[in-house]
Amino acid sequence: MPGPLDLLAKSVLFEGLNPVQREWIAARLIRQDVPAGADIVRQGEAGDALYLIESGSVGVFVRDRRLGLVQQVALLEPPEAFGEMAIVTGEPRTGTCTALTPSVVYRLAQDVFLMVMQQMPNAALGVARTLAKRLGALTTQPEIPWVSLVGRTFDARLWSMAPEALLRQARMAPLELTARTLTVAMVDPGDVTSLDTLARAIPGVRMKVVAVSADAMDRFVEAGTGKKPAPQQPGVALSPQQRPQVGFLDDEEAAKRSGAVVQSTGPQVVALVEEIISTALGSGASDIHIEVDGHGVVVRYRIDGMLQPRREMIPAEMHRPLVSRLKVLAKMDIAEMRKPQDGRISVRAGGRVVDLRVSSMPAKLGEKIVMRILDASAGIVDLKQLFVVDKVRQLFSQMVFRPHGLVMVTGPTGSGKTTTLYSALAARRRTELNIVTVEDPIEYHLDGVTQVQVQTEIGTTFGLVLRTLLRQDPNVIMVGELRDHDTARTAVEASMTGHLVLTSVHTNGALDAVMRLADLGVERYAIANGLIGVLHQRLVRRACPHCSEPFEYPEPIVEQFFKVGALLPQEKPVFKRGKGCPQCAMTGFKGRIGLYELLVVTDAVRDAIASGADMPALRAASAGAMIDLARYAGVAVGMGLTVPGEVLHLLQKVGN
């Protein structure tokens, strides 16, 4: 076995020294025989010595402060050294070094090491090189090695130590346990929640994660258990690289306000909240639903209008701490569990600030939390991006650039009305214009615009604020929603007295907006004089641009397009479908597009409104003054932007 002199000659730290210098150091080395599984140095301790490995192998383990999870980050073998960084920096040790096999190490005390650095420049240079390498490694994401499972023995004992449902659902398998280190194969090494759950199920061990392919994992588990793997659990899961890092702007304030609650939830819950929110932002979700059922805590994300579950269910015992953490961040009363509450969380993610509108609701098994994601960068879009039919965009732009009048945007909840209104305001922003909004709540911040929050509980209603701001010399007014007679009448009157008013209502069509104003008690003559146009809109999923391809749909489906008026008899569009790819999570859809119906209030329409025409008469008067939803949808399908199923489903819902 090589002695300390040979070890020093091979070490990167000391290879530049002459034999006399190495002999001087060797005389001061202390040999240690370390059994497998024994810690040589521990994370957080003071750095009092440098260690050189003569034989065996040493694992470097780091405890994640947020998760409380210990993972192996490096494997050291002869003639590598460790411990010099803590001596040089004077900071506590950043990791725990444990003998993975019976090992022999040599200890060099701190005072001797510092003397060598002062008196032997070549040794100092070697240490500088090593420190530079290690500091560089700290700034990069440690790579998780890929391994082959061919020839490996399935360890039934280790498999039985953890819940089988967890292992199968998370597609992970414990491979071997040596020196208190559990090597775990994972198809998705970024699934920290499942890894943390496994660590709680098998306490007292440290994790070494290796990556394997899905096919290899399926074959390995089937051969070991004699059972075919269950189909992969559908759901949303992103790797750490796909998720933006998030930080809560008011987290410190929340901690001061209720430090005991934050501390009691534990680092796992803090990390879990961050992972849930960052996954939502990374996947483009508009809402997050958190609820408890008989099996655990279910998290669902609304992506492209569809609720999709988080791939892994959270243990039921995490529900209360999870809700408490969210309530603290949202400045809600954590002790009140019997009444609904509302709050708001501000998150910094990837250089932008995103607001989460938080709502809690008591339910049978525990409170349900729903968070609406309000991202100004996604909520304010150029009008050219909203409309795929230029004629509709031009007509709508002409409406919002009129000096006065009422423009209404209609549609069901979640159809993008707010995005359209904000985009119209952004297009109108000018230094010479006074633009004011009345909202409940304020969803996006818009520079150059005065935004007023309605507070009904203290009497600050839509109607009151609207009447007040009319005395503030406004040019353009946006009213978030017409909900009552007072607000509707004031908005229509403002549109007739030199102001441009933009607003929204919930209706199933553009013409329905006229009837809605009448139902709110606005006189027909006032509607006719004030209203200049109505935009009705719906959202459908966009065919994935990465994998969409021409597809020949069955004849009955094609016939439906002609039947509902989406296509003209002479048109022969090429329909497409998304076949599924990694970019769209194999769904065939990526994002959403708007489908619009636009009513332009011409003289004929104005006369029909003023005369009290019913819906059939109003529809007849609007001939030539309206681009209907079905026709717009047919154009979008013909352009390959969406698929027939999305459009036909929508047109059936709106009764066309």
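Computed from a predicted structure; not experimentally measured.
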Interatomic spacing from [atom1] in [X] to [atom2] in [Y] - rounded to 0.5 Å:
{"X": "I532", "Y": "M399", "atom1": "CD1", "atom2": "CE", "answer": "7.0 Å"}
{"X": "L386", "Y": "I593", "atom1": "CG", "atom2": "CD1", "answer": "11.5 Å"}
{"X": "D628", "Y": "E597", "atom1": "CG", "atom2": "CD", "answer": "6.0 Å"}
{"X": "L425", "Y": "R428", "atom1": "CG", "atom2": "CZ", "answer": "9.5 Å"}
{"X": "L281", "Y": "I288", "atom1": "CG", "atom2": "CD1", "answer": "7.0 Å"}
{"X": "L326", "Y": "L356", "atom1": "CG", "atom2": "CG", "answer": "9.0 Å"}

Between [Y] and [X], is the closest basic N to carboxylate O distance under 4.0 Å?
{"X": "E275", "Y": "R310", "answer": "yes"}
{"X": "R357", "Y": "D342", "answer": "no"}
{"X": "E367", "Y": "R320", "answer": "yes"}
{"X": "D486", "Y": "R467", "answer": "yes"}
{"X": "D603", "Y": "R606", "answer": "yes"}
{"X": "D390", "Y": "R393", "answer": "yes"}
{"X": "E523", "Y": "R489", "answer": "yes"}
{"X": "K417", "Y": "E481", "answer": "no"}
{"X": "D304", "Y": "R541", "answer": "no"}

Do the side chains of [Y] and [X] get nearer than 4.5 Å, heavy atoms only?
{"X": "R344", "Y": "D355", "answer": "yes"}
{"X": "T503", "Y": "M478", "answer": "no"}
{"X": "L502", "Y": "V479", "answer": "no"}
{"X": "T437", "Y": "I477", "answer": "no"}
{"X": "T450", "Y": "Q472", "answer": "no"}
{"X": "M639", "Y": "K576", "answer": "no"}
{"X": "L535", "Y": "L599", "answer": "no"}
{"X": "V438", "Y": "V454", "answer": "yes"}

Is there a donor in the side chain of Q537 and an acceptor in the side chain of T420, or the other way round, less than 3.5 Å apart?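 Yes - a donor-acceptor pair under 3.5 Å links their side chains.
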
Is a donor from one side chain sitting under 3.5 angstrom from an acceptor on the other, for E439 and Q451?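 Indeed, the side chains of E439 and Q451 share at least one donor-acceptor pair under 3.5 Å.
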
Between Q453 and I442 (side chain of the first, backbone of the second, donor and acceptor by atom type, cut-off under 3.5 Å), is there such a pair?
yes

More than 12 heavy atoms from other groups under 6.0 Å of CD on E336: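 Yes, enclosed.
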
**Prompt:** Is the count of non-hydrogen atoms from other residues, nucleotides or ligands lying under 6.0 Å from R429 atom CZ greater than 12?
**Reply:**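 Counting neighbours around CZ of R429, more than 12 heavy atoms of other residues, nucleotides or ligands fall under 6.0 Å, so yes.
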
May I have the step-by-step check of side chain to side chain contact (heavy atoms under 4.5 Å, CB included) for V273 and F248, ending in yes or no? CA-CA 11 Å; V273 169; F248 301 104; 3.8 Å; yes

In R516, H506, H536, the residue satisfying side-chain hydrogen bond (donor to acceptor under 3.5 Å, both in side chains) with T410 is H536

In short, F401 meets A427 closest at the heavy-atom pair CZ-O, 3.4 Å

The ring-ring contact (aromatic ring centres under 6.0 Å, His included) partners of F387 (sequence neighbours excluded) come to F396, Y596

Determine, stepwise, if the pair L322 / I290 fulfils side chain to side chain contact (heavy atoms under 4.5 Å, CB included). CA-CA 9 Å; L322 179 60; I290 301 174; 3.9 Å; yes

(request) Give the intermediate values and the outcome of salt bridge (Lys or Arg N to Asp or Glu O under 4.0 Å) for residues R243 and E274. (result) CA-CA 10 Å; R243 300 194 306 260; E274 291 181 6; over 6 Å; no

Where do V299 and H289 land on the side chain to side chain contact (heavy atoms under 4.5 Å, CB included) test, with the steps shown first?
CA-CA 6 Å; V299 178; H289 291 240; over 6 Å; no

